[in-house]
Amino acid sequence: MDALISVYLHPRLGEVTLSQSMRARRISISVRASGAVRLSFPKEVSHERALSFLDEKAGWVEAARERLARRQVSVAPEHLFEELRRTAMADLPGRIARLSEATGLKYEKLKLSTARTRWGSCSGQNHISLSIFLMTLPEHLRDYIIIHELCHTVHHNHSPRFHALVDRLVGGNEKALNRELRAFTIR
């Protein structure tokens with residue numbers, strides 16, 4: 001057996017899975033999206049030393065759990081999925097039309113998708129696809145993604161000229177908006 005697995009009840013973090021294995025090269029902690037914590041450590045490291053490491057990193061684990069909880073956009077139940085689709089139909093076509101008008105960037109066609117891998121895309125024919133999961137984002141980030149896709153009607157790449165256009169259209173805030181967007185994931 002490669003790993004010795006046990007569960008430890010930490011006073012601050014609750015249940016932690018301990019994995020002492022031959023493959024582990026060092027003591028490490030992983031935090032899953034569910035909040036589950038795993039402490040892995042090599043065979044030659046004692047439980048006491050591993051648990052001491054966990055105690056030292058308890059603040060980091062709590063911060064990681066909070067960060068992951070904030071990032072989760074949970075949309076599993078069917079009725080929520082349908083609600084998302086309805087609100088997307090009501091919001092996104094008008095939103096892209098207004099932004100197209102305001103920026104002067106024209107697109108050929110809009111398609112709403114259930115894509116979970118990307119917020120939006122723009123084809124070579126300037127057909128823009130927007131994920132209904134955009135509705136889980138704050139309005140200013142929805143606008144940012146739509147402007148990003150509209151800029152692809154001019155530059156079908158992520159060249160410096162493309163980013164310069166996006167940055168100009170979002171008031172010089174492209175980097176900050178992109179950073180903020182990374183705090184969200186589609187689930």
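These values consider heavy atoms only, across backbone and side chains, with no hydrogens, waters or symmetry-generated copies.
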Original post:
Could Glu82 and Arg85 be called an ion pair, given the rule that one side-chain N must be under 4.0 Å from one carboxylate O?
Top reply: yes
Original post:
Are there more than 12 heavy atoms of other residues, nucleotides or ligands under 6.0 Å from atom NZ of Lys106?
Top reply: yes
Original post:
Going by atom types only, do Asn126 and His152 share a side-chain donor-acceptor pair under 3.5 Å?
Top reply: no
Subject >> N/O donor-acceptor pair under 3.5 Å between Glu174 side chain and Val166 backbone >> reply: no
Original post:
What heavy-atom pair brings Val31 and Ala64 nearest, and what distance separates the two atoms?
Top reply: CG2-CB, 4.1 Å
**OP:** Could you go through the side chain to side chain contact (heavy atoms under 4.5 Å, CB included) check for Phe53 and Leu39 one step at a time?
**Re:** CA-CA 9 Å; Phe53 179 82; Leu39 175 67; 4.2 Å; yes
**OP:** Look up atom CG in Leu110 and atom OG in Ser129, then write down how far apart they are to the nearest 0.5 Å.
**Re:** 7.5 Å
Original post:
Does the distance from a Lys or Arg side-chain N to an Asp or Glu carboxylate O, for Arg86 and Glu83, drop under 4.0 Å?
Top reply: yes
**OP:** Report the C-alpha distance between Arg142 and Asp91 in whole Å, list the side-chain angles of each, state the deciding distance to 0.1 Å, and finish with yes or no for salt bridge (Lys or Arg N to Asp or Glu O under 4.0 Å).
**Re:** CA-CA 10 Å; Arg142 269 183 253 162; Asp91 179 82; 3.3 Å; yes
Original post:
If you measure only the distance, is there a donor-acceptor pair under 3.5 Å linking the side chains of His163 and His155?
Top reply: no
**OP:** Check Glu15 against Val7 and note the closest heavy-atom contact, atom names and distance.
**Re:** CG-CG1, 3.2 Å
Subject >> Separation of Ser46 OG from Leu51 CG (nearest 0.5 Å) >> reply: 8.5 Å
Subject >> Heavy-atom side-chain contact between Ile128 and Lys111 under 4.5 Å >> reply: no
Original post:
Can you check whether Ile96 reaches Glu149 side chain to side chain, under 4.5 Å on heavy atoms?
Top reply: no
Subject >> Validation row: Ser100, Arg98 side chains within 4.5 angstrom (heavy atoms) >> reply: no
**OP:** Would you indicate whether the side-chain heavy atoms of Leu92 and Met135 approach each other to under 4.5 Å?
**Re:** yes
Original post:
Which heavy atom in Asp167 sits nearest to a heavy atom in Asn173, and how many Å separate them?
Top reply: OD1-N, 3.4 Å
**OP:** Report the C-alpha distance between Arg26 and Val45 in whole Å, list the side-chain angles of each, state the deciding distance to 0.1 Å, and finish with yes or no for side chain to side chain contact (heavy atoms under 4.5 Å, CB included).
**Re:** CA-CA 9 Å; Arg26 59 185 169 77; Val45 171; over 6 Å; no
Original post:
Do the side chains of Leu99 and Tyr107 get nearer than 4.5 Å, heavy atoms only?
Top reply: no
Original post:
Is Glu62 salt-bridged to Arg12, going by a charged N under 4.0 Å from an acidic O?
Top reply: yes
Original post:
For atom CD of Glu44, is the number of surrounding heavy atoms from other residues, nucleotides or ligands below 6.0 Å larger than 12?
Top reply: yes
Original post:
Do His148 and Phe162 make the cut of ring centroids closer than 6.0 angstrom?
Top reply: yes
**OP:** Report yes if the side chains of Lys175 and Asn178 come closer than 4.5 Å at any heavy-atom pair, otherwise no.
**Re:** no
Original post:
Got a donor-acceptor contact below 3.5 angstrom from the Arg38 side chain to the Ser30 backbone?
Top reply: no
Subject >> Nearest atoms (heavy-atom pairs only) where Ser6 meets His47 >> reply: OG-NE2, 4.2 Å
Original post:
Which distance, rounded to the nearest 0.5 Å, do you find between the OG of Ser52 and the NZ of Lys57?
Top reply: 11.0 Å
Subject >> Taking every non-hydrogen atom, the tightest pair across Ser131 and Ala115 >> reply: OG-O, 2.8 Å
Subject >> Side-chain heavy atoms of Leu105 within contact of Cys151, under 4.5 Å >> reply: yes
**OP:** Return the minimal non-hydrogen interatomic distance between Phe184 and Leu137, and the atom names on each side.
**Re:** CG-CD2, 3.5 Å
Original post:
Is any side-chain heavy atom of Leu18 less than 4.5 Å from a side-chain heavy atom of Phe41?
Top reply: yes
